[in-house]
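Reading through the structure tokens given below for one structure.
Protein chains get the first letters and strands the later ones, always in sequence-line order, with residue 1 at the start of each. In what follows, every heavy atom counts, from backbone to side chain, and hydrogens, waters and symmetry copies are set aside. Given the structure is predicted, the values throughout are model-derived calculations rather than measurements.
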Number of protein chains: 2
Amino acid sequence: MTARTPDSARDIPEATVARLPVYLRALTGLAEDGTTTCSSEELAATAGVNSAKLRKDLSYLGSYGTRGVGYDVEYLRYQIAREIGVTQDWPVVIVGIGNLGHALANYSGFRSRGFRVVALLDADPSRHDEVVAGLDVRSFEDLESIVAEHDVSIGVIATPAVAAHAVAERMVAAGITSILNFAPTVLSVPDGVDVRKVDLSIELQILAYHEQRKAVSPGSEDVS
Amino acid sequence: MTARTPDSARDIPEATVARLPVYLRALTGLAEDGTTTCSSEELAATAGVNSAKLRKDLSYLGSYGTRGVGYDVEYLRYQIAREIGVTQDWPVVIVGIGNLGHALANYSGFRSRGFRVVALLDADPSRHDEVVAGLDVRSFEDLESIVAEHDVSIGVIATPAVAAHAVAERMVAAGITSILNFAPTVLSVPDGVDVRKVDLSIELQILAYHEQRKAVSPGSEDVS
DNA sequence: CTCGTTTTGTTCTCCCGTTCACAAACTCCT
DNA sequence: AGGAGTTTGTGAACGGGAGAACAAAACGAG
Ligand SMILES: NC(=O)c1ccc[n+]([C@@H]2O[C@H](COP(=O)([O-])OP(=O)(O)OC[C@H]3O[C@@H](n4cnc5c(N)ncnc54)[C@H](O)[C@@H]3O)[C@@H](O)[C@H]2O)c1
Ligand SMILES: NC(=O)c1ccc[n+]([C@@H]2O[C@H](COP(=O)([O-])OP(=O)(O)OC[C@H]3O[C@@H](n4cnc5c(N)ncnc54)[C@H](O)[C@@H]3O)[C@@H](O)[C@H]2O)c1
């Protein structure tokens with residue numbers, strides 16, 4: 001069962017994958033400031049991580065640095081972008097154009113980072129008149145045709161929790177294989193489909209836990 | 001330096017703390033369905049985790065189950081809520097009432113989970129006329145007085161990235177010790193202040209990475 | 001009361017991720 | 001050309017978390 005790795009396609013640890021976008025952003029910032037070269041120490045400081053960790057992370061991609069010198073900002077930026085896959089544009093559909101859906105649709109940070117919102121879908125017909133961020137809000141029934149037309153593989157769920165699972169199943173059936181879920185629900189999906197959840201309430205509750213402990217014993221606390 | 005643990009205040013692993021809110025939500029769901037007792041197996045399935053992991057997590061809080069029976073839903077729910085600190089109400093301020101700030105202000109999930117938005121602040125005077133979710137949008141200059149008046153310790157940053165660090169420093173100076181940051185910036189704060197970040201673009205980029213790899217070698221993929 | 005059944009709480013082992021520390025490699029200066 | 005000074009890439013130690021597996025405890029049947 002020895003997995004072949006014919007060309008590249010090394011397997012990068014999940015923790016590293018999660019940090020690569022942070023490095024990418026840090027490098028973009030450095031490039032905008034006119035920096036052409038940086039050491040692992042500088043980049044690590046900008047990205048807010050340990051420099052040894054940064055170097056090890058980058059070493060999974062290859063040897064893109066020069067000893068005694070550092071990394072070429074533009075070159076490294078491209079290499080990370082290529083590895084993540086954001087040199088190409090990823091089409092994205094957003095389902096559930098309520099409070100949160102509106103904010104997401106209007107968010108310019110998607111476009112600048114390799115994602116293109118191709119459709120906004122909502123089950124409520126009264127929403128369908130609306131134009132948000134230059135896109136019509138369309139019927140959820142159009143999901144399949146839109147996914148097929150634009151070859152969409154990434155979907156965002158911003159519906160109420162009760163609707164989320166049905167939406168997810170319909171997405172998967174339509175051919176979507178990556179889901180970003182904002183609804184506070186556990187989604188169970190087939191193998192081969194990735195789900196990531198963003199849960200605001202959980203984040204606040206984690207902060208509350210630490211806050212409560214600070215009140216009792218003002219010890220050392222820190223969170224990534 | 002042997003840390004005293006006079007009463008409770010055991011130190012719960014960070015990974016466990018991050019899951020407790022998930023269990024809390026699962027228990028609330030079970031309670032609403034009329035379930036009064038559940039096994040670790042059932043609860044784990046509802047929360048989407050391994051049952052051994054669930055039991056170990058709960059064991060950090062104490063022995064709240066009954067062998068051969070399971071857990072009392074309402075009792076366990078209260079114990080977790082108490083441990084996290086959401087039996088009390090946490091006052092929260094939101095800074096930056098743009099696209100995202102509006103969505104957050106209108107989100108009812110805060111209130112129902114022990115958080116109360118006490119103020120909405122924005123630097124743009126043209127926003128100050130507005131009323132969002134029953135609250136006036138007030139000047140950022142009012143931060144200190146609001147924090148003092150309501151004893152706020154949790155702040156949410158929803159400003160553009162360039163403003164985020166200045167806002168964070170001002171929050172910390174005002175006495176806030178926990179920050180939830182939506183701006184794509186690394187915040188450096190003094191010890192004793194917790195920062196958690198929510199970064200949409202990073203989540204999407206992680207999905208894109210896995211998506212790209214699926215296209216090359218359709219192997220096994222899964223993300224929590 | 002005793003035995004069998006169920007389910008918790010915990011121990012043990014393995015794996016992943018973090019960090020330290022250092023040799024290898026490159027540049028620059030003399 | 002050679003040596004001093006930097007900085008990368010990585011081997012190795014360490015710590016924490018995940019999951020399997022099991023003993024202890026509670027309960028019910030007879
Ligand atoms: N608003 C926030 O700041 C916030 C924060 C964290 C989490 N969330 C979560 O995000 C989700 C959306 O929040 P919101 O405040 O935007 O809610 P919302 O009620 O404003 O919007 C939900 C939208 O989804 C649509 N919808 C409902 N069922 C649907 C279906 N089956 N298919 C397609 N569309 C459907 C509704 O018509 C509505 O427009 C919720 O699950 C909420 O818990 C929101
Ligand atoms: N909209 C989204 O869906 C989304 C998604 C992910 C991340 N983000 C991030 O969240 C942040 C907010 O996004 P947005 O779309 O709401 O932006 P926005 O421009 O709509 O809103 C930003 C608000 O912050 C206010 N502001 C600016 N400087 C301020 C200061 N110094 N003090 C107080 N208020 C100030 C502005 O007046 C404005 O009202 C950004 O950093 C963005 O990158 C947004």
Ignoring backbone atoms, establish whether B/N50 has a side-chain N or O less than 4.0 Å from OP1 or OP2 of D/dA20. yes

Return no unless some side-chain N or O of A/S40 is found under 4.0 Å from OP1 or OP2 of D/dT7. no

Tell me whether [X] is salt-bridged to [Y], with the criterion being a basic N under 4.0 Å from an acidic carboxylate O.
{"X": "A/E144", "Y": "A/R170", "value": "yes"}
{"X": "A/D199", "Y": "B/R25", "value": "yes"}
{"X": "A/K214", "Y": "B/D194", "value": "yes"}
{"X": "A/R77", "Y": "A/D72", "value": "no"}

Quick one: which of D/dG9, C/dT7, D/dA18 gets closest to the side chain of A/Y71? D/dG9

Out of C/dG17, D/dA26, C/dT7, which nucleotide sits closest to the side chain of A/A15? C/dG17

Using atom [atom1] of [X] as one end and atom [atom2] of [N] as the other, report the distance to the nearest whole Å.
{"X": "B/R19", "N": "D/dG16", "atom1": "CZ", "atom2": "C1'", "result": "12 Å"}
{"X": "A/R67", "N": "C/dC28", "atom1": "CZ", "atom2": "P", "result": "17 Å"}
{"X": "A/E41", "N": "D/dT8", "atom1": "CD", "atom2": "P", "result": "8 Å"}
{"X": "B/D72", "N": "D/dA26", "atom1": "CG", "atom2": "P", "result": "16 Å"}
{"X": "B/L76", "N": "C/dT7", "atom1": "CG", "atom2": "P", "result": "16 Å"}

Whether the A/Y23 and A/D57 side chains hold a donor-acceptor pair (N or O, under 3.5 Å, no angle test) is what I'd like checked. yes

Is there a residue in residues 52-62 of chain B whose heavy atoms reach under 4.0 Å of DNA chain C, and which residues are they? B/R55, B/K56, B/S59

Can you check whether A/Y75 and A/Y78 have ring centres sitting under 6.0 Å from each other? no

